[in-house]
Amino acid sequence: MANESVLVTGGSGFIAVYCILHLLAEGYTVRTTVRSDDKEHLARDMLRAAGVDPGGRLSFVRADLGSETGWREAAAGCRYVFHGASPTPNTMQGPEENWIAPARDGMLRVLRGARDAGVGRVVLTSAFGTIAYGHKPQTRPYTEEDWTDTSANIPPYQKSKTLAERAAWDFVTNEGGGLELATVHPVAVLGPVLAKDFSHSITMIVRMMNGLARVPKVNSGFVDVRDVADLHLRAMTSPAAIGQRFLAISGHSLWMIDLARILRRRLGKRARRVPTRELPNWILRLAALRDPNVRMMAAQVGKIMDASGAKAERLLQWRPRSVEDSLVDTAESLIRFGLVKA
């Protein structure tokens, strides 16, 4: 029912802001958590960039995933919670426990607060990283039945997200007291940027538009942030979503060179700096020896990372827009914000 209240954690995040926009458009009242005044200002700026003035239908509260306090109060009076915030380090370096404990413990704090406040359902923004890592190379699309193998040699971010999601399902089963859970697993997220703060996936588009010499031979699925937000709402309200995981992907995976070709074809002169050739694999692997931020990408070189969104389409009637249209909207927004060279 559209006059109900929803808590969205981490309200300045790219996906979170679009969830807020979608909820407001559907008539919900939204409360969102931020860690600081700066994050509140950023969220409000992004909403303004989208042309939305929420008035009294949006409120901000301070809550930190590293603290036990405030989560029950943040969820009080809300029927639903969207939880996507995750406290993670700023680099791929350091002990993996520095990633795992904050993600897992922060998740449990939100779930306990939601349960104690009488929330009906939590929709967790999980990740494709909880599904597709630690497996041998395969050609079949990944589905929600797959789980990342945390015993394998995988990056700490993917391991932390997987263990946090496992902990969420265990909590709901053993301590949830009737709390419902559904999870959404986006692949690489595209879509119109609303500020200089956007998804990690869009960074590659920025580099391509700004004249990256060659693109790595990396394969990925893609989905528009607006469709991710729509899937969250469907998972929030549909009885069919209770206890389910949902992959968020549009169509099939693409290689980075495919994106480059789409940009050059659709944007013409505005995409004149977009590369037309792939980077030899050995160069990327060599760079990974020096740069931990390249290491995760290098580990995926040549691997097909396809996935299926059929479950969300079948159970929730979710219909994502095409990757091509999403990519063009992304690039045009980057031009509009001056984030790429004119």
Side-chain angles (χ1 to χ4, degrees), residues 1-11 13 15-32 57 75 77-85 107 110-111 113-115 117-128 130-131 141-147 161 164-166 168-173 176-187 189 191 221-251 307-322 326:
M1 190 176 298
N3 61 358
E4 292 170 328
S5 295
V6 183
L7 173 68
V8 179
T9 68
I15 292 176
V17 165
Y18 271 97
C19 285
I20 292 170
L21 287 167
H22 209 68
L23 287 163
L24 292 171
E26 293 297 317
Y28 290 92
T29 298
V30 181
R31 184 182 303 147
T32 188
R57 292 177 49 232
C78 294
R79 181 168 181 182
Y80 307 105
V81 171
F82 286 1
H83 176 49
M107 168 85 64
V110 172
L111 291 176
R115 176 200 61 192
V119 168
R121 188 180 303 181
V122 173
V123 179
L124 166 64
T125 312
S126 190
F128 183 55
T130 70
I131 287 174
Y142 288 98
T143 74
E144 294 85 354
E145 298 301 313
D146 295 307
W147 277 89
K161 294 293 284 187
E165 189 193 341
R166 291 278 196 190
W169 288 114
D170 288 344
F171 175 87
V172 168
T173 299
L179 182 67
E180 298 169 353
L181 179 65
T183 61
V184 175
H185 301 255
V187 290
V189 179
F222 295 91
V223 66
D224 193 284
V225 66
R226 294 165 291 187
D227 297 320
V228 174
D230 176 58
L231 183 52
H232 276 71
L233 258 75
R234 292 172 185 270
M236 180 182 85
T237 56
S238 172
I242 301 171
Q244 300 295 326
R245 308 169 87 210
F246 294 100
L247 269 162
I249 180 173
S250 175
S308 172
K311 182 177 177 180
E313 295 176 16
R314 183 181 71 254
L315 291 184
L316 304 183
Q317 290 73 56
W318 182 63
R319 300 291 182 266
R321 68 203 72 206
S322 72
S326 179

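Basis for what follows: all heavy atoms, side chains included, without hydrogens, waters or symmetry-related copies.
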Task: Audit row: His83, Thr125, side chain to side chain donor-acceptor pair (under 3.5 Å) steps and yes/no - done: CA-CA 6 Å; His83 176 49; Thr125 312; over 6 Å; no
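- Note on Asp230 versus Arg234: salt bridge recorded, some NZ/NE/NH1/NH2 to OD/OE distance being below 4.0 Å.
- With hydrogens and angles ignored, the 3.5 Å screen pairs no side-chain donor or acceptor of Ser126 with any backbone N or O of Val184.
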Task: Steps toward side-chain contact (heavy atoms from CB on, under 4.5 Å) verdict (Thr9, Thr32) - done: CA-CA 5 Å; Thr9 68; Thr32 188; over 6 Å; no
Task: Derivation and outcome, salt bridge (charged side-chain N to carboxylate O under 4.0 Å, His left out), residues Lys311 and Glu144 - done: CA-CA 8 Å; Lys311 182 177 177 180; Glu144 294 85 354; 5.1 Å; no
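- Taking OG1 of Thr237 as the reference point, atom NE2 of His232 lies at 12.5 Å (rounded to 0.5 Å).
- Take His185 and apply the ring pair (Phe, Tyr, Trp, His ring centres under 6.0 Å) test, not counting sequence neighbours, and it matches no residue.
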Task: Pair Val110-Val81, side-chain contact (heavy atoms from CB on, under 4.5 Å): steps then yes or no - done: CA-CA 9 Å; Val110 172; Val81 171; 4.2 Å; yes
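- Panel note: side chain Thr29, backbone Ser5; no donor-acceptor pair is recorded below 3.5 Å.
- The shortest side-chain heavy-atom distance between Val30 and Arg57 does not fall under the 4.5 Å cut-off.
- Seen from the ring of Trp147, Arg245 counts as a face-on cation partner, given the 6.0 Å and 45° thresholds.
- To the nearest 0.5 angstrom, Glu165 atom CD is 4.0 Å from Thr130 atom OG1.
- Residues Tyr142 and Phe128 have side chains in contact (heavy-atom distance under 4.5 Å, counting atoms from C-beta outward).
- Side-chain contact between Leu316 and Phe246: present, with at least one pair of heavy atoms (C-beta onward) separated by less than 4.5 Å.
- Around atom CD of Glu145, no more than 12 heavy atoms belonging to other residues, nucleotides or ligands sit under 6.0 Å away.
- Residues passing the side-chain hydrogen bond (donor to acceptor under 3.5 Å, both in side chains) test with Glu180, sequence neighbours excluded: Arg121.
- No side-chain donor-acceptor contact under 3.5 Å links Arg115 to the backbone of Gly177.
- Going from atom CG of Leu247 over to atom CG of Asp146 covers 8.5 Å, rounded to the nearest 0.5 Å.
- Side chains of Leu23 and Phe82 form a contact here, defined as non-hydrogen atoms less than 4.5 Å apart.
- Arg79 places no side-chain N or O within donor-acceptor distance of the main-chain N or O of Val119, the cut-off being under 3.5 Å.
- Contact between Val6 and Cys78 at its shortest, heavy atoms only, is C-SG, 4.0 Å.
- With hydrogens and angles ignored, the 3.5 Å screen pairs no side-chain donor or acceptor of Thr183 with any backbone N or O of Leu124.
- If you run side chain to side chain donor-acceptor pair (under 3.5 Å) between Asp224 and each of Ser326, Ser250, Ser322, only Ser326 comes through.
- Panel note: side chain Ser238, backbone Ala235; no donor-acceptor pair is recorded below 3.5 Å.
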